[in-house]
Amino acid sequence: MSLDQRIGTIVLVVAVIALILGAMGYMQASKIASIEDRISALEERIKALEERAQAPGTTTTVTETRTERAVETVVETETVVRERVRLTVIGPWSGDEAKYFQAVLDEYMRRNPGVEIKYVTMRAEDLATSLPLQFAAGTSPADVVITPWAWWIVEMAKNGYVEDVTGLVNKDEYVAGTVDAVVWDGKVWGAPFTMWLKPGFWYKKSFFQANGLEEPGSMDEFMALLDKIKGIPGVKNPIVTGDSVGWPISDVTEHFIIAVGGPDLQLKLINGEASFTDPEVRTVFEQYLVPLIRDGYFSEPIEWTQAVTLWWNEEYALYFMGTWITGMVDNPDDLGFFPLPGAKGVVGGADYIFVPKTAPNKEEALKLLEFLATEGQAIHVSQPAGKIPTWTKVPASELWGPMQTVYSKVVELNLQILPDLDDSVGGDWQTLFWDQLKLLWVNPDSLDQVLATLTQEFPGG
Amino acid sequence: MKSRLRENLRAYGFLAPALLLLGVFVVYPIVGTIIISLETQSGLGLGNYLEVLSEKSPSKALVIPGNLGGPPPWGALVHNMVWILVHVPLTTFLGLMLAYMLIHVYGRSLVKSIVFLSMIIPMVVGGLIIRFIFDSQVGVIPRIFDTLGVESLARTWTAYPETSLASLILGSVWLWLGFSLTIHSAAVDSVPRSLIEAARIDGASEWQIFRRVIAPAVWPATLTVMVMTLLWDLKIFDIVYAATQGGPGGSSTVLAYVMWLYFARALDYGRAAATAVILTILTLAAASYMIRRSLRG
């Protein structure tokens, strides 16, 4: 190897070594810079976490560890104390009705900043299909469940799926009879929420005025009113029949039972002390309902929300419906109602709140139940939901304007609030009741068969 | 011998995940349902089956012998049978006919897509649509009969016992036609054009070509459509639930709806399970017929 070659080799080796050293130095510098960046980022995070720790609902623990090679900071966040609770509430309302109920939940969340509530809509029929399986499996999709089916809550309680709320519900503070619907084995298994009334036939005041119609004072006047309405051009039938799974028809039927047979007859039917083939029940059908159906005073069953529109457009003059109709029309001030002359009572029904035994946050759920069953009712009835409170401590002045008018009329007429027949009996008899009445409405000649079927299939009958 | 054992073990190893899933999600629930269906207050027995079969309530009865000569209700099982008798031939024939007719139509894919749309609609929504199609206020069908002056059919079909079952069956033809058309279209497209042209040269009319060439050539597809439709008819629930709730007066109940009534309304799980088992036996009988026919080729 020549000298030049040797020098060249040495230069090359030196250059390579220099390059390696330079690269190592650069890497080290980058690493240090990276560690510094991480340290400052972690410092910022620690600061943020410390700030959060001051806020309600979070406790932060910061741990710093040093190693030989670099400084590493480990931050652990634990939510132990004042943890934010997330509750799920299942209820039957959707659309505007859900919006009115949300106002109650919003108020609860405002009062309890550590609680977050998610509302899920589920009809009673769907609850009955899915919840028993989940309860049996030891889970629950919700912390609080609201349903109009008191009988179903009792059935669930019998299976051991419902939390006992006897200590939370003071029976004396509620409208008489409402708590009884959820009592079994001497214990209370649910709490009543707000209630609706099915006070009578609704009409448009402007339509009555324009056609010189007046509320009837007797059954004869009622018949005369229907005849007069029949003669008004553009009116298809005096009374529109709401169709759904069947409840609108059962409501008007119950109103006739109460008006003609008296409140006691309704209660006897609920308790199984009277049957549908009894002469006094038969009279209600034979002398009142069937002739009205046969002579076209009632319309063919029409989907009930569609019927609201048709009735409001004056294709029909009267509509038997619950108080929630006040929130479904454009101008509730133009709404009037009258019960059947002679009626001493009207049907009222509450929604019921219960806490499943397998609720994920049982303790918080029970607190929410207590609120909904008491102060929460005041908020709900102030909304255009068409409801009145079952908790008697809510003053009438808290009611939404149009409902104050309805409520005062019910009080003025001294109408007793009675339980809903099919909601009280429940089970598959309720479905049968709806279905048989739908049959009667399109085929009034089937009366004997309908009454016999309802009697034979009555629970324990 | 050892290698065979090893081969078997390997095969079972591959099958194990599928068998495990089937065992947990299919076999276990079936066995569980059978056990529940046999549980009575006095121990295991056939009490639930006897009660389900002898039920007289119009909304839950499987057969109402006294009504068979008149309008419904005839009982859920009879309603299912009527459904099958009307729906299966109608859907199969219309699907095949449309598939053949569309061979000659320009833009047939668009027509097929439109017909197939009904298959995409969830059945519950389909039930609601049926309700409105047959509604006297807004429905097309009563309007047509109103124009024709047929008063008895110019009303809400789902509200009357004479027409409620018919409205559901006709509605289900519309909902299921897309399936029949799709399967038949694929089969008709695979028939060699030379066969059709040869028949035409021999002087066969369009009807003769359809009957003697197309229909036999697509028979395996037709059989599949028939059996799938039959199984669907046996299990039908959603549209009944959404459109009529089995009414009025139990005139449109079906087996699956009766099962739901026992389960969700009466909370009687024993009878619900017994109804489910009866439904499964009927479905299995239909399915085994299909498999046997398919194996026979």
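Naming convention: chains lettered A, B, ... in sequence-line order (proteins, then strands); numbering from 1 in each chain. Quick caveat, the model's predicted, so the values are computed rather than measured.
Atom CD of B:Gln245 is separated from atom OG1 of A:Thr431 by 7.5 Å, given to the nearest 0.5 angstrom. Once rounded to the nearest 0.5 Å, the distance linking CD of A:Gln456 with NZ of B:Lys56 reads 9.0 Å. Taking CD of B:Gln137 as the start and CD1 of A:Ile302 as the end, the distance is 4.0 Å to the nearest 0.5 Å.
Annotation: side chain of B:Arg155 is not in contact with side chain of A:Val442 (no heavy-atom distance under 4.5 Å). Between A:Met156 and B:Leu267 the shortest side-chain heavy-atom distance falls below 4.5 Å. Looking at heavy atoms from C-beta onward, B:Tyr241 lies in side-chain contact with A:Glu125 at the 4.5 angstrom threshold. A 4.5 Å side-chain heavy-atom check between B:Arg131 and A:Asp243 finds at least one atom pair inside the cut-off. Counting heavy atoms from C-beta outward, A:Leu432 and B:Ser57 have side chains that approach closer than 4.5 Å.
Smallest separation of non-hydrogen atoms from B:Ala264 and A:Ala128: O-CB, 3.4 Å. When all heavy atoms of A:Leu439 and B:Pro161 are compared, the closest pair comes out as CD1-CG, 3.6 Å. In terms of heavy atoms, A:Trp151 sits closest to B:Arg265 at CH2-O, 3.6 Å. Smallest separation of non-hydrogen atoms from A:Asp428 and B:Leu261: CB-O, 4.4 Å. Here the closest heavy-atom approach between residue B:Pro58 and residue A:Gln436 is recorded as CG-NE2, 3.5 Å.
For chain B, no part of A:Leu127 is nearby; none of its heavy atoms comes within less than 4.5 Å. Contact annotation for B:Tyr262: neither backbone nor side-chain heavy atoms come within less than 4.5 Å of a heavy atom of chain A. Only the side chain of B:Glu55 has a heavy atom closer than 4.5 Å to any heavy atom of chain A. Of the two parts of A:Gln449, neither the backbone nor the side chain holds a non-hydrogen atom closer than 4.5 Å to a non-hydrogen atom of chain B. Residue A:Leu133 touches chain B through its side chain alone, counting heavy-atom pairs closer than 4.5 Å. Contacts of A:Trp429 with chain B are absent, with no heavy-atom separation under 4.5 Å from either backbone or side chain. When heavy atoms are compared at a cutoff of 4.5 Å, A:Leu440 does not approach chain B at all. Proximity to chain A is limited to the backbone of B:Thr244, based on heavy atoms less than 4.5 angstrom apart. There is no contact between A:Trp441 and chain B, counting heavy-atom distances below 4.5 Å. Within the 4.5 angstrom heavy-atom criterion, no atom of A:Lys158 approaches chain B. Of the atoms belonging to A:Thr129, heavy atoms from both backbone and side chain fall under 4.5 Å from chain B. Neither the backbone nor the side chain of B:Asp268 comes within contact range of chain A; no heavy atoms are under 4.5 Å apart.
Other residues, nucleotides and ligands contribute more than 12 heavy atoms inside 6.0 Å of the NZ atom of A:Lys230. Under a cut-off of 6.0 angstrom, the local environment of CE in B:Met228 is sparse, with at most 12 non-hydrogen atoms contributed by other residues, nucleotides or ligands.
In this structure, the side chain of A:Glu300 engages the main chain of B:Thr156 through a donor-acceptor pair within 3.5 Å.
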